[in-house]
Amino acid sequence: MELLLMSDTHLPKRAKALPPELLDLVPRADVVIHAGDWVDAATLDLLEARSRRLVAVYGNNDGPELRSRLPEVAYAELGGLRLGVVHETGAAQGRERRCAERFPDLDVLVFGHSHIPWDSTAADRLRLLNPGSPTDRRRRPHCTYMTATATEGRLTDVRLHTLPRRT
């Protein structure tokens with residue numbers, strides 16, 4: 001099962017549209033995961049229309065329309081993995097401990113908010129992934145997203161992708 005992970009798209013404030021490279025991958029992924037801060041409902045509509053399956057949450061910058069359509073935390077069983085998605089996990093310091101305590105039944109937690117890619121394991125069981133942002137690199141050199149494969153209860157081929165700078 002091929003996964004496409006993104007977060008913090010902030011459209012149309014941080015960019016006018018999702019990068020073409022990322023949009024091309026959406027219909028090819030088995031599951032698209034978005035960890036919040038969409039800002040506009042048009043991006044949600046677009047991903048719902050183009051995705052085979054979308055697992056998504058709202059973020060702190062998302063208004064009433066998005067909050068009425070999306071949960072704060074989403075759960076899915078994907079390729080034998082128990083996956084959760086949430087926007088905010090708090091400060092980097094102590095993140096693994098907090099997430100392991102808050103999500104004791106998950107194998108993978110995808111989160112956003114910081115725009116900073118993250119890949120770690122908490123309590124020797126919970127994989128924490130933040131794909132960064134495909135539209136707002138903040139203090140990072142590149143905008144980013146992630147891909148991964150979920151098969152037979154294992155997450156493999158986790159890859160952070162960088163996007164070319166917009167002109």
Once rounded to the nearest 0.5 Å, what's the spacing between atom [atom1] of [X] and atom [atom2] of [Y]?
{"X": "Leu23", "Y": "Leu18", "atom1": "CG", "atom2": "CG", "result": "5.0 Å"}
{"X": "Cys143", "Y": "His161", "atom1": "SG", "atom2": "NE2", "result": "14.5 Å"}
{"X": "Leu155", "Y": "Thr149", "atom1": "CG", "atom2": "OG1", "result": "7.5 Å"}
{"X": "His87", "Y": "Phe111", "atom1": "NE2", "atom2": "CZ", "result": "10.5 Å"}
{"X": "His115", "Y": "Arg139", "atom1": "NE2", "atom2": "CZ", "result": "9.5 Å"}
{"X": "Leu78", "Y": "Asp30", "atom1": "CG", "atom2": "CG", "result": "9.5 Å"}

Give the minimum heavy-atom separation between [X] and [Y], together with the two atoms involved.
{"X": "Thr135", "Y": "Pro19", "answer": "CG2-CD, 4.1 Å"}
{"X": "Leu66", "Y": "Ala41", "answer": "CD2-CA, 3.9 Å"}
{"X": "Thr144", "Y": "Leu163", "answer": "N-CD1, 4.4 Å"}
{"X": "Ala100", "Y": "Arg125", "answer": "O-NH2, 2.8 Å"}
{"X": "Met1", "Y": "Gly79", "answer": "SD-N, 3.8 Å"}
{"X": "Ala56", "Y": "Pro71", "answer": "O-CD, 3.4 Å"}

Going through the distances and angles, do Tyr75 and Asp105 end up as a side chain to side chain contact (heavy atoms under 4.5 Å, CB included)?
CA-CA 11 Å; Tyr75 298 96; Asp105 297 327; over 6 Å; no
Side chains of [X] and [Y]: does their closest heavy-atom pair fall under 4.5 Å?
{"X": "Pro134", "Y": "Glu21", "value": "no"}
{"X": "Arg137", "Y": "His142", "value": "no"}
{"X": "Thr121", "Y": "Leu128", "value": "no"}

Is it true that [Y] and [X] share a donor-acceptor pair across their side chains at a distance under 3.5 Å?
{"X": "Ser133", "Y": "Asp136", "answer": "no"}
{"X": "Glu2", "Y": "Thr147", "answer": "no"}
{"X": "Arg95", "Y": "Thr89", "answer": "yes"}
{"X": "His113", "Y": "Asp37", "answer": "no"}
{"X": "Ser7", "Y": "Asn130", "answer": "no"}

*asked:* Let's go through Arg69 and Leu44 carefully: what are the C-alpha distance in whole Å and the side-chain angles of both, what is the deciding distance for side chain to side chain contact (heavy atoms under 4.5 Å, CB included) to 0.1 Å, and is it a yes or a no?
replied: CA-CA 9 Å; Arg69 294 174 59 186; Leu44 173 57; 3.4 Å; yes
Would you confirm whether [X], through its side chain, and [Y], through its main-chain N or O, come within 3.5 Å as a donor-acceptor pair?
{"X": "Arg98", "Y": "Gln93", "answer": "yes"}
{"X": "Arg53", "Y": "Val32", "answer": "no"}
{"X": "Trp38", "Y": "Gly59", "answer": "no"}
{"X": "Asp62", "Y": "Val39", "answer": "yes"}
{"X": "Ser68", "Y": "Glu65", "answer": "yes"}

Would [X] and [Y] show up in the same hydrophobic cluster when neighbours are defined by side-chain heavy atoms closer than 4.5 Å?
{"X": "Tyr58", "Y": "Leu54", "result": "yes"}
{"X": "Val85", "Y": "Leu81", "result": "yes"}
{"X": "Leu129", "Y": "Val57", "result": "yes"}
{"X": "Trp118", "Y": "Val110", "result": "no"}
{"X": "Leu3", "Y": "Met146", "result": "yes"}

Identify whether the distance between the nearest side-chain nitrogen and carboxylate oxygen of [X] and [Y] falls below 4.0 Å.
{"X": "Arg82", "Y": "Asp107", "value": "yes"}
{"X": "Arg127", "Y": "Glu96", "value": "no"}
{"X": "Asp8", "Y": "Arg138", "value": "no"}

Tell me, with the steps shown, if Leu11 and Lys16 meet side chain to side chain contact (heavy atoms under 4.5 Å, CB included). CA-CA 6 Å; Leu11 295 177; Lys16 290 183 170 87; over 6 Å; no
- Task: Please identify each residue that fulfils salt bridge (charged side-chain N to carboxylate O under 4.0 Å, His left out) with Glu72, with sequence neighbours left out.
- Result: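 Not a single residue meets the salt bridge (charged side-chain N to carboxylate O under 4.0 Å, His left out) criterion with Glu72.
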Criterion side-chain contact (heavy atoms from CB on, under 4.5 Å) against Tyr145, the qualifying member of Thr9, Leu25, Leu5, Leu160 =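 The passing option is Leu25.
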Inset, instruction - Walk me through it: do Leu4 and Val26 pass the test side chain to side chain contact (heavy atoms under 4.5 Å, CB included)? - result: CA-CA 7 Å; Leu4 174 61; Val26 168; 3.8 Å; yes
